[in-house]
Participant: 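First the structure, then my questions, so here it is.
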Amino acid sequence: MTATHPSRAARGAVAFPRDAFFMIAGPCQLEDDALNMRVAEHLARLSERVPGGIVFKASFDKANRSNPGAKRGLGLDRGLAALERVKSATGLRVLTDVHLPEQCAPAAEIVDVLQIPAFLCRQTDLLEAAGATGKPVNVKKGQWMHPEGMRGAVKKVRGAAGGDIEVAVTERGTFFGYGDLVVDMRGFMRMREACDCAVIFDGTHSVQQPGRGEGGASGGAREFIPPLTLAAVAAGADGVFLETHPDPDNAPSDGPNMLRLDTLNPLVDRMLDLWTSLRR
């Protein structure tokens, strides 16, 4: 990638615009540089067509895996170094999950956006540590939370930052019985009103099937990603979160609910057409 790639110029722009469709996308967890760069370079090219830009997402640690022997990722130091290489090579802004308060400051030295996992969206110390960095923060809604319940999480982040910080909240489905999730499309309007921030739809974790995969791992139904994602855009989501991988069936985590990289562009085109037609 050359230094003139438009995503470089966008690096200092708003992470979560309310007036332009944007995306967060990337593999579930960081892998080797070849895989990370393959996905990131694809997203950098695609970002030229996405008005609000694309933020590259990958986790250095998957701390909430179902099974004790599951692959967790590169770890903090190696993971941040890998994200820095992605950022430098492609010009994309980068995002990663943080699980502990002490991870926030070192992560913020490298990444452009910090993300709070859904299972941790009520952890006050973590939310405040993320907010204190001053970096944009995306808080994923817990699967047991109602939309208005996210108001407190956003207040914790903003309070630690003195109010001057970008925050987004992300819908990722609500538990429906055992081993399945359902998305209430009313939630985008309700969360926007309650939290006064951008609302994002996680189209991939919303089709996750906790505990229904091989050996008790999470399963998924990726065939429902396109219809749910398009429905969320129609229901008012400001942006979309999609995990994507060239070979999700052989990915180290979340393969059953990741979108194949070669199917991403047509879906993005459909989302853009819909987003534009509804907001003229």
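Atoms considered below: every heavy atom in the structure, side chains included; atoms not considered: hydrogens, waters and symmetry mates.
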Participant: Tell me if the CZ atom of Arg279 is crowded by more than 12 foreign heavy atoms within 6.0 Å.
Facilitator: yes

Participant: Sub-3.5 Å donor-acceptor pair from the side chain of Thr204 to the main-chain atoms of Glu243, do we have one?
Facilitator: yes

Participant: So does Phe16 get a backbone contact from the side chain of Glu166, meaning a donor-acceptor N/O pair under 3.5 Å?
Facilitator: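 Present.
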
Participant: Could you report the tightest heavy-atom contact between Val157 and Val139, atom names first, then the distance?
Facilitator: CG2-CG2, 4.3 Å

Participant: Are Phe22 and Ile200 side-chain neighbours, meaning at least one heavy-atom pair lies under 4.5 Å?
Facilitator: yes

Participant: Which atoms form the tightest heavy-atom contact between His42 and Asn265, and what is the distance?
Facilitator: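 Closest approach of His42 to Asn265, heavy atoms only: NE2-OD1, 2.7 Å.
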
Participant: Any donor-acceptor pair under 3.5 Å linking the side chain of Arg192 with the backbone of Gly236?
Facilitator: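 Checked: pair present.
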
Participant: Could you walk me through whether Val167 and Cys195 pass side-chain contact (heavy atoms from CB on, under 4.5 Å), step by step?
Facilitator: CA-CA 9 Å; Val167 186; Cys195 301; over 6 Å; no

Participant: Is there a side-chain contact between Asp184 and Pro147, using heavy atoms and a 4.5 Å cut-off?
Facilitator: no

Participant: Say whether, by atom type as modelled, one donor and one acceptor occur between the side chain of Glu171 and the main chain of Gly187 under 3.5 angstrom.
Facilitator: no

Participant: Do Phe56 and Val39 have side chains that approach each other closer than 4.5 Å (heavy atoms only, starting at C-beta)?
Facilitator: yes

Participant: Is there a chain of hydrophobic side chains (I, L, V, M, F, W, Y, each step under 4.5 Å between heavy atoms) that links Leu278 to Trp275?
Facilitator: yes

Participant: Apply side-chain contact (heavy atoms from CB on, under 4.5 Å) to Asn257 and Arg222, showing your working.
Facilitator: CA-CA 5 Å; Asn257 58 266; Arg222 72 170 68 99; 5.7 Å; no

Participant: Would you name the heavy atoms of Asn36 and Ala82 that are closest together and state the gap between them?
Facilitator: ND2-CB, 4.1 Å

Participant: What do you reckon, is CG of Asp164 surrounded by more than 12 foreign heavy atoms closer than 6.0 Å?
Facilitator: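 Not buried by this count: 12 neighbours or fewer within 6.0 Å.
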
Participant: Given side-chain contact (heavy atoms from CB on, under 4.5 Å), test Asp97 with Lys57 step by step and report yes or no.
Facilitator: CA-CA 9 Å; Asp97 296 296; Lys57 176 271 168 189; 4.0 Å; yes

Participant: Out of curiosity, Leu92 CG to Leu83 CG, how far, rounded to the nearest 0.5 Å?
Facilitator: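 Answer for the CG-CG pair, Leu92 versus Leu83, is 11.5 Å.
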
Participant: Counting C-beta onward and ignoring hydrogens, is there a side-chain heavy-atom pair between Gln143 and Arg172 closer than 4.5 Å?
Facilitator: yes

Participant: Could you check whether any side-chain N or O of Thr170 sits under 3.5 Å from a backbone N or O of Phe201, counting only pairs where one atom can act as donor and the other as acceptor?
Facilitator: no

Participant: Please round to the nearest 0.5 Å and tell me the distance separating atom NE2 of His99 and atom CZ of Phe60.
Facilitator: 7.0 Å

Participant: Nearest 0.5 Å, please: how far is SG in Cys121 from NZ in Lys140?
Facilitator: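 The distance works out to 11.0 Å.
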
Participant: Mind checking whether Gln115 and Phe241 have side chains closer than 4.5 Å, heavy atoms only?
Facilitator: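 Of all side-chain heavy-atom pairs linking Phe241 with Gln115, at least one is under 4.5 Å.
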
Participant: Would Met185 and Leu228 count as a side-chain contact (heavy atoms from CB on, under 4.5 Å) if you check the C-alpha gap in whole Å, the side-chain angles of each, and the deciding distance to 0.1 Å?
Facilitator: CA-CA 9 Å; Met185 293 294 166; Leu228 282 174; 4.0 Å; yes

Participant: Taking a hydrophobic cluster as the set of Ile, Leu, Val, Met, Phe, Trp and Tyr residues connected by side-chain heavy atoms closer than 4.5 Å, whether directly or through intermediates, do Ile24 and Phe188 fall within one such cluster?
Facilitator: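 Per the 4.5 Å side-chain linkage, Ile24 and Phe188 are not co-clustered.
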
Participant: Just checking Glu148: does its CD atom have more than 12 heavy atoms from other residues, nucleotides or ligands closer to it than 6.0 angstrom?
Facilitator: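 Yes - once you tally the heavy atoms of other residues, nucleotides and ligands closer than 6.0 Å, there are more than 12.
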
Participant: For Asp112 versus Lys135, what's the shortest heavy-atom pair and its separation?
Facilitator: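 Looks like O-CD, 3.9 Å.
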
Participant: CD/Gln29 to OG1/Thr96 distance, rounded to the nearest 0.5 angstrom?
Facilitator: 10.5 Å

Participant: Would you compute the distance between atom CG of Asp61 and atom CD of Gln103 and round it to the nearest 0.5 angstrom?
Facilitator: 6.5 Å

Participant: Ignoring hydrogens, what is the shortest heavy-atom contact between Ile225 and Leu242? Give both atom names and the distance.
Facilitator: CG2-CD2, 3.8 Å

Participant: Under 6.0 Å from the CZ atom of Arg186, do we count more than 12 heavy atoms belonging to anything else shown?
Facilitator: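 Check fails, neighbour count at 12 or below.
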
Participant: Check whether any side-chain heavy atom of Arg49 lies under 4.5 Å from a side-chain heavy atom of Asp269, and answer yes or no.
Facilitator: yes

Participant: Heavy-atom distance under 4.5 Å between the side chains of Gln208 and Asp202, does that happen here?
Facilitator: no

Participant: Not counting sequence neighbours, which residues clear salt bridge (Lys or Arg N to Asp or Glu O under 4.0 Å) with Arg78? List them please.
Facilitator: none

Participant: Return the minimal non-hydrogen interatomic distance between Gln209 and Asp180, and the atom names on each side.
Facilitator: CG-OD1, 4.1 Å

Participant: Do the non-hydrogen side-chain atoms of Ile116 and Lys156 ever get within less than 4.5 Å of each other?
Facilitator: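 SC-SC contact between Ile116 and Lys156 ruled out.
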
Participant: Ser206 side chain to Gly203 main-chain N or O, any donor-acceptor pair under 3.5 Å?
Facilitator: no

Participant: From Ile165 CD1 over to Thr133 OG1, what is the distance, rounded to the nearest 0.5 angstrom?
Facilitator: 5.5 Å

Participant: Just wondering, more than 12 heavy atoms not from Arg38 lying within 6.0 Å of its CZ?
Facilitator: no

Participant: Between Ser88 and Glu84, is there a donor-acceptor pair closer than 3.5 Å when you use the side chain of the first and the backbone of the second?
Facilitator: no

